[in-house]
Amino acid sequence: MSPSRLPASFYRRPALEVARDLLGRTLCRELADGSVLRGRLVEVEAYDGPADRASHAFRGLTKRNRWMFEAGGLAYVYLVYGMHHCLNVVTGEAGHPAAILLRAAQLPDGSLVSGPGRLTRAFQVDRGLDGSSLLSGSLWIEAGRPVADRAVRRAPRIGVDYAGAWASRPYRFIVSRS
DNA sequence: GGTGCGATTGCA
DNA sequence: GCAATCGCACCA
């Protein structure tokens with residue numbers, strides 16, 4: 001258990017707050033051989049509450065989205081388009097469905113992994129990690145180097161045009177400068 | 001039990 | 001611009 005692993009209290013806050021605070025943090029993934037992949041989170045999206053039409057939780061609890069209804073600190077991993085995995089961080093209190101989609105990270109060598117499907121491929125994340133705790137286990141987030149307000153840009157979420165007015169809400173958070 | 005489609009990506 | 005590819009949400 002790494003001492004710099006972000007604690008449960010980090011995740012059990014409102015989704016928009018957690019989303020903004022995830023920027024600059026270090027996504028960590030331990031592989032079977034014991035090596036650890038790391039990347040600095042530079043783009044995330046919040047999906048917040050039962051009224052958010054863009055969220056998987058909009059139509060209530062289902063087999064797929066059940067982890068979104070748990071207390072923050074879990075991974076929610078699902079398959080989209082039959083071929084790409086998406087990695088989310090569950091946030092907030094139990095009963096309030098919310099999660100943050102991880103969209104892009106900067107690797108230690110400076111290269112950028114951009115896109116939720118590319119991110120899960122790079123970090124070898126699939127549905128085997130769905131529902132796993134970020135507080136223990138092979139997937140977690142460390143404190144890293146938080147980002148100043150002036151370096152944060154907000155924008156509408158990607159790929160949710162079906163969500164009506166919710167599609168234009170600025171729920172995407174991007175590191176615009178280092 | 002059947003059907004339509006997606007919080008994407010890569011290639012033409 | 002569009003095909004790939006399948007779990008699952010939803011309806012019957």
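To find a chain, count down the sequence lines: A is the first, B the second, and so on, and within it residues start at 1.
A/W166 pairs by the side chain to side chain donor-acceptor pair (under 3.5 Å) definition with nothing, not counting sequence neighbours. Every residue was checked against the ring pair (Phe, Tyr, Trp, His ring centres under 6.0 Å) condition with A/F10, not counting sequence neighbours, and none meets it. For A/R20, the salt bridge (Lys or Arg N to Asp or Glu O under 4.0 Å) partners are A/D149, not counting sequence neighbours. Applying the salt bridge (Lys or Arg N to Asp or Glu O under 4.0 Å) rule to A/E17 yields the partners A/R13; only residues at least two apart in sequence or on another chain are considered.
Checked against the 6.0 Å centroid criterion, the rings of A/Y78 and A/H85 do not qualify as a close aromatic pair.
B/dG2 and C/dT5 have their P atoms separated by 23 Å, given to the nearest Å.
A/R145 places no side-chain N or O within 3.5 Å of a backbone atom of A/G24 that could act as its donor or acceptor partner.
Remark: A/E45 engages A/R103 in a salt bridge, criterion side-chain N to carboxylate O under 4.0 Å. For the pair A/E43 and A/R172, the salt-bridge criterion is met [side-chain N within less than 4.0 Å of a carboxylate O].
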Exercise for the section: Go ahead and write out DNA chain C as dot-bracket, 5' to 3': ( ) for pairs within the strand, [ ] for ones crossing earlier pairs, | when the partner sits on another strand, dots for unpaired; Watson-Crick or G-U wobble, both distances under 3.5 Å. Expected result: ||||.||||||.
Handout entry: Contact state string [nucleotides 5-12 of chain B, B base, S sugar-phosphate only, - no protein heavy atom under 4.0 Å]
Key = -BBBSS--
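Atom CZ in A/R59 sits about 17 Å away from atom C1' in C/dG7, given to the nearest Å.
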